[in-house]
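Sharing a structure here in structure tokens format.
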Amino acid sequence: MLEFSAYYNDGRTAATRSVNVRLDTGCLNVQAPEGDVLARWLFDEVHLVDRPVPGQPIRLRRGDEGGERLIVADEEVLASLEAACPNLRRTLPGLGAHWRPIAIWSALAVASVILVLFVAIPLLAEQAAKAVPAELEQELGEAVARQLVNTLGARREGGADGIVCETPAGAAALDRLVERLAEGTESHVPFRVRVLDVPVVNALALPGGQIILFRGLLAFSENSEQLAGVLAHEMGHVIHRHTLEAMVKGAGIAALLGLVVGDFTGAAVITGLADAVITTSFTRDAEREADRAALRILAAAEIDSRPVADFFRRLETERVGGIDLPSLLSTHPPLPERTAAARAGAGGGSAAMTRSDWRALEGICG
Amino acid sequence: MSASGTMDAIGTGLAEGRTGSDGPVAFTGGRGPLFRILVKNSVFNLLTLGIYRFWAKTWLRRYLWHNIAIRGEALEYTGRPAELLIGFLIAMAVLVPLAMVVGILDVAFLGGRSSEDASFGQLIYLIALLWLANFARYRVRRYKLTRTAWRGIRGGLDGSAVRYAWLAFGAGLLTVATAGLARPWMRTALQRYKTENSRYGIRNFSFAGKGSDLFARWLVVLVFLLLSLILFVWWMVAFTASIQGELGRDNFAAAPSLVVPALVGLGGLALLALSYMWYRVYEFRYFIGKTRLGDTCFDSDVRTSTILRYGSISGIVQLFLIIAIVFLASMAVAPMLSGISVSSEAIGALILPFLLVILVFTVVRLIVHYLLFYFPLARHVCVTLHISNLEAVEDIIQSTRADPKFGEGLADALDIDIGPV
């Protein structure tokens with residue numbers, strides 16, 4: 001069909017007029033009913049505004065900018081147009097000149113994210129953690145510890161505090177061990193060690209000197225040197241303020257991810273997952289640092305560090321009654337590395353606790 | 001309506017300048033195409049971890065815009081995904097260092113501050129965020145208007161996003177200071193700024209609305225708000241009293257004495273929500289009625305009852321969805337929990353399917369809401385919009401003002417809610 005009627009917008013005024021369109025050589029000839037030529041659209045610059053929907057007129061636009069439009073009813077016209085106009089189906093204007101700013105800003109954005117994630121956040125987190133005054137850190141640690149006790153002890157009869165193990169003999173023995181180890185440190189905060197009646201083989205270092213040991217850990221340790229090794233490791237975390245630093249880093253990373261992932265359905269879930277994955281990868285260095293500090297503390301207290309190597313070996317090879325040991329292992333350096341380091345530490349040295357003290361400590365949870 | 005029918009409408013409209021008893025605005029969209037777009041958007045969004053969202057938004061807006069026809073001539077959305085993408089990248093390059101500093105400062109002072117200091121800091125943070133949100137919304141409006149065309153002529157938004165943000169801030173302060181009484185004036189002032197800065201081609205819209213016209217209806221909402229507060233306080237008092245008296249006993253034993261206040265409280269809340277919706281619909285009709293484009297006038301017949309109907313249907317279906325998911329999930333989880341082992345492995349194995357279920361549920365819920373609420377709502381708003389003197393637009397000239405090149409980066413990065421499209 002070489003000629004058809006249509007409606008035309010000239011892109012300069014908001015008026016629609018009836019026109020006749022003819023397919024000439026190389027262009028569409030848009031003519032008013034009276035015959036005067038209103039526009040000539042080169043075939044190259046004829047595009048569909050949107051994919052044709054059966055039952056609705058076809059809209060054509062001229063070029064990527066500008067407001068000239070043609071509205072055509074006849075669907076048969078579409079076939080002739082498709083034959084003549086090579087760019088007809090380009091309903092969305094291409095990137096065109098946009099590729100340059102996209103490339104530049106993409107590079108900038110990616111560089112910005114990488115820089116912040118791997119350089120700025122760790123650096124600033126370390127400084128921020130050091131800048132927090134000791135009293136503040138202690139208050140924070142107390143609050144977190146309280147929260148932990150309340151959460152874990154929620155279903156206890158007699159209240160959440162029942163989950164803290166405090167037989168007098170055991171507590172006294174623990175205090176003596178802590179004091180002996182603490183002498184070898186220059187901690188900015190006093191240590192406050194609690195044992196919780198939870199059957200998990202784990203230990204936690206919270207901000208402000210708060211250390212949590214779980215009953216499962218006591219049961220799993222064969223002797224007091226092994227326990228002392230774990231305790232010294234946690235003390236290493238405290239001295240270097242790792243937990244506080246991790247919290248600051250975590251906040252920074254979470255904020256960053258929230259920005260990057262943006263706004264769509266399901267974003268919250270994806271962000272949470274990514275956040276967890278990225279955060280754990282940061283802790284290996286912290287664990288190595290705590291391991292080194294632990295060996296120093298043990299050496300200063302003249303405690304034999306070799307049983308600690310046995311402890312790590314057992315962690316890896318034994319599985320205690322279906323309970324997995326992910327938290328001690330997953331973010332930690334590879335076990336052979338830890339075992340070797342522990343063995344290379346000072347040999348000799350005495351037992352960590354007297355036999356009666358160790359027995360009292362083993363029974364601290366009554 | 002067939003293609004030729006539409007062309008007839010265009011022709012008749014041109015010839016006679018008729019508006020007819022049903023509004024000249026028609027919504028020609030179908031649920032099928034919308035469903036396909038929504039599914040495609042959701043799937044690709046998740047697969048590309050959100051990068052597809054710029055394309056998703058563009059396709060959705062094109063669907064909506066291109067199916068709104070005024071006297072047979074449809075609107076056009078001329079936005080491109082690349083523009084949204086660049087807007088986002090710019091916002092990222094600028095915001096990332098800023099947000100990181102804020103985040104770190106936030107935690108570094110977390111534990112030690114006295115509770116007054118901490119709450120004050122949070123208040124400042126919230127206010128700053130609100131200011132930014134209004135700033136971003138104005139820019140989003142500008143992007144949408146400059147990418148909307150009818151008869152080839154584009155829209156536009158003058159004014160300054162900064163000024164709008166401050167206007168919103170001041171109005172917000174005033175509303176809080178007057179315990180909510182000043183809100184109609186606040187809404188009118190903001191609407192005036194937005195409307196009178198909006199233009200089609202080179203002609204600006206005008207707005208003749210006054211806050212006092214809305215005050216009577218707003219007062220009704222405030223009365224319901226007060227009622228709900230009183231009921232809520234009554235329920236709280238009853239609750240704490242029964243708790244103190246029933247310390248250590250199973251909660252359910254105390255339930256009967258709480259049921260009545262709870263039901264009454266819920267009823268009060270429902271009435272409040274209804275009255276607020278009723279006010280907003282009236283406000284919408286009022287704002288449209290007071291808007292003009294030169295000699296062209298607008299009018300809206302949107303009904304609260306219709307919106308309520310669509311909302312209820314969508315809400316009920318979503319409720320069934322939630323119940324179904326919870327039921328299925330508990331059936332799947334129960335066998336796992338019957339064993340005594342609390343191994344972290346088992347919990348870990350549970351987390352991934354759990355997240356998957358939540359993901360699927362969120363997507364399905366969204367699609368249901370769009371199909372059952374937003375779709376019929378769009379059609380209703382279009383059909384009830386009356387435009388008189390449409391011919392007066394014919395001498396409007398295309399604006400030669402430079403449009404903003406990129407869009408919406410700030411709103412996207414900060415997850416600011418700009419509505420369904």
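Just so it is clear, the structure is predicted and the values come from calculations on it, not from any experiment.
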Given heavy-atom pairs under 4.5 angstrom as the criterion, report whether the side chain, backbone, both or neither of A:Glu65 touches chain B. side chain
Hydrogens and angles aside, do A:Thr91 and A:Asp50 bring a side-chain donor and acceptor to less than 3.5 Å of each other? no
Chain B heavy atoms under 4.5 Å from A:Val144: which part of the residue, side chain, backbone, both or neither? neither
Identify which part of B:Ile153 has an atom lying under 4.5 Å from any heavy atom of chain A, answering side chain, backbone, both or neither. side chain
May I ask you to decide if A:Thr13's main-chain N or O and A:Asp10's side chain share a donor-acceptor pair within less than 3.5 Å? yes
Partners passing ring pair (Phe, Tyr, Trp, His ring centres under 6.0 Å) against A:Phe214 (at least two apart in sequence or in another chain):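 For A:Phe214 there are no ring pair (Phe, Tyr, Trp, His ring centres under 6.0 Å) partners, ignoring immediate neighbours.
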Between the side chain of A:Glu45 and the main-chain N/O of A:Gly63, is any donor-acceptor distance below 3.5 Å? no
Tell me which one of A:Arg62, A:Arg12, A:Arg61 satisfies side-chain hydrogen bond (donor to acceptor under 3.5 Å, both in side chains) with A:Glu68.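 Going through A:Arg62, A:Arg12, A:Arg61 one by one, the side-chain hydrogen bond (donor to acceptor under 3.5 Å, both in side chains) with A:Glu68 is satisfied by A:Arg62 alone.
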Quick check on the interface: out of A:Ala14, A:Ala73, A:Ala15, A:Ser112, who has the most heavy-atom pairs with chain B under 4.5 Å?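 Most pairs with chain B among the choices: A:Ala14.
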For B:Phe27, give me all partners under ring pair (Phe, Tyr, Trp, His ring centres under 6.0 Å), at least two apart in sequence or on another chain.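 Residues passing ring pair (Phe, Tyr, Trp, His ring centres under 6.0 Å) with B:Phe27: B:Phe375.
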Contact part of B:Ser399 toward chain A, heavy-atom cut-off under 4.5 Å: side chain, backbone, both or neither? neither
So which part of B:Trp55 gets closer than 4.5 Å to some heavy atom of chain A, the side chain, the backbone, both or neither?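 Contact with chain A involves no heavy atom of B:Trp55 at all.
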Report which part of B:Tyr200 has an atom under 4.5 Å of a heavy atom belonging to chain A: side chain, backbone, both, or neither.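 For B:Tyr200, the contact with chain A is made by the side chain alone.
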Side-chain H-bond candidate by donor/acceptor type, B:Thr148 with B:Glu76, under 3.5 Å: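 B:Glu76 and B:Thr148 do not have a side-chain donor-acceptor pair below 3.5 Å.
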Interface residue of largest heavy-atom contact number with chain A, from B:Asp395, B:Thr58, B:Val393, B:Ile90, under 4.5 Å: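 The candidate making the most pairs under 4.5 Å is B:Ile90.
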Contacting moiety of B:Ala74, where chain A heavy atoms sit under 4.5 Å: both
